[in-house]
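Just below is one structure, and these are the notes that go with it.
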Amino acid sequence: MSLATAPAKVILLGEHAVVYGHPAIAMPFPALQARAEARAAERSSLRSERYPETVAFLDEAVTGELAPATEALRGAFEALERLGSTQPLALVLKSDIPAGAGLGSSAATAVACVRAAFGAHGREAPAALVRAIATRAEAIAHGASSGLDPAAVCAEAPIRFVRAHAPVPLTLRAAMGIVIALSDAPSATGPMVAQVGERQQHEAGAREALVQLGELSDQGAELFEKGELAELGGLMDRAHALLASLGVSTPALDTLCRAAREAGAWGAKLTGGGGGGCAVALCPLELLEPVTAAMGAAGASHVWPAQYLLERKQER
Ligand code: MEV
């Protein structure tokens, strides 16, 4: 048996803009994990504890919830076959990353599947291959993918990411608190990407907002590397306003961000595709509790606080 995992992700700056070639900053969020277990079998299949009624067989057409993960697994099998490994596998998925939250559930699931399939053959999947396969699977989940989510869930550290380029790791210079709060509605990444696509085609203002979002990512990467996190938080506030101007925020997300700022967060914004899903707040470690409480009291259905420390990679 081979067990593999991949974490959730959180985008600090640059969602949507990244689809148009602008930079973004994102990082893994290890408090939430997708897991895949692979066992040798007669016939390759995929099951998920989240959809217990469904079994996807890889030699049949697969639609619905398991289609992206099946696509990832097919990509892994093709790559393994080229290496001479052809053992059929039965995979079981378990995940505590909420689906439709903008936290990279589909990317993490795809990555865990590919890693588990390679692991079952006694191999380690090369990172660039994992990202490429997961990006193709993401296109099924969301209609289009810049590759940011797969890159962030494969990363060991925060990254600066530009579409079609290798992610560049950023160094954490100061400890920080991150709070993720789930709003009342699911994120709709596919429709939100399509909506922003429409607007950027027809509205100069939308194109300008995307350019500015990319500029915030560049400034944010510099501030991150200098440990100037209060200033980085200010950029997140501005990014939220730009994302709202593109129509991807909701009143619930605005309320969560406001509550986080009022509780002392350095900054807060929606994270991921928007249209629902999650808000993320950046705050000093000592304010992790009040910011978490404030976002909970402002209507979040779930709140996940995390500490990003200097010595160790990350802790809850
Ligand atoms: C989704 O997590 C991020 C988007 O920018 C889409 C993408 O980059 O593929 C909205």
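Start at 1 and go down the list; that is how both ligands and their atoms are numbered. Bear in mind that the values here come from a model prediction, so they are computed numbers and not experimental data. Just so it is clear, the values below take in all heavy atoms, side chains as well, and ignore hydrogens, waters and symmetry mates.
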Do the charged groups of E222 and R160 touch, with an N to O distance under 4.0 Å?
no
Closest to atom 9 (O) of ligand 1 among protein heavy atoms sits S146 N, 2.9 Å
NZ/NE/NH1/NH2 to OD/OE distance under 4.0 Å, D237 and R261:
yes
Could you list the atoms of ligand 1 found under 4.0 angstrom from a heavy atom of E15?
5 (O)
Is any NZ, NE, NH1 or NH2 atom of the basic residue among R35 and E37 found under 4.0 Å from an Asp or Glu carboxylate oxygen of the other?
no
Do other residues, nucleotides or ligands put more than 12 heavy atoms under 6.0 Å from E42 CD?
no
Classify the ring geometry between Y308 and F29 as parallel (under 30°), tilted (30 to 60°) or perpendicular (over 60°).
tilted
From the options R163, H16, M192, K9, select the one whose nearest heavy atom is closest to atom 5 (O) of ligand 1.
H16
Is it true that, when you exclude R50 itself, more than 12 heavy atoms of the residues, nucleotides or ligands shown sit nearer than 6.0 Å to its CZ?
yes
Check ligand 1 against V18 and write out every atom of the ligand that is under 4.0 Å from a heavy-atom position of the residue.
5 (O), 8 (O)
Looking at ligand 1, would G102 count as a contact under a 4.0 Å heavy-atom criterion?
no
Distance to 0.1 Å, residue and atom name: give those for the protein heavy atom nearest to atom 3 (C) of ligand 1.
I11 CD1, 3.7 Å
A student checking ligand 1 against V19 at a 4.0 Å heavy-atom cut-off should list atoms 5 (O), 6 (C), 7 (C), 8 (O)
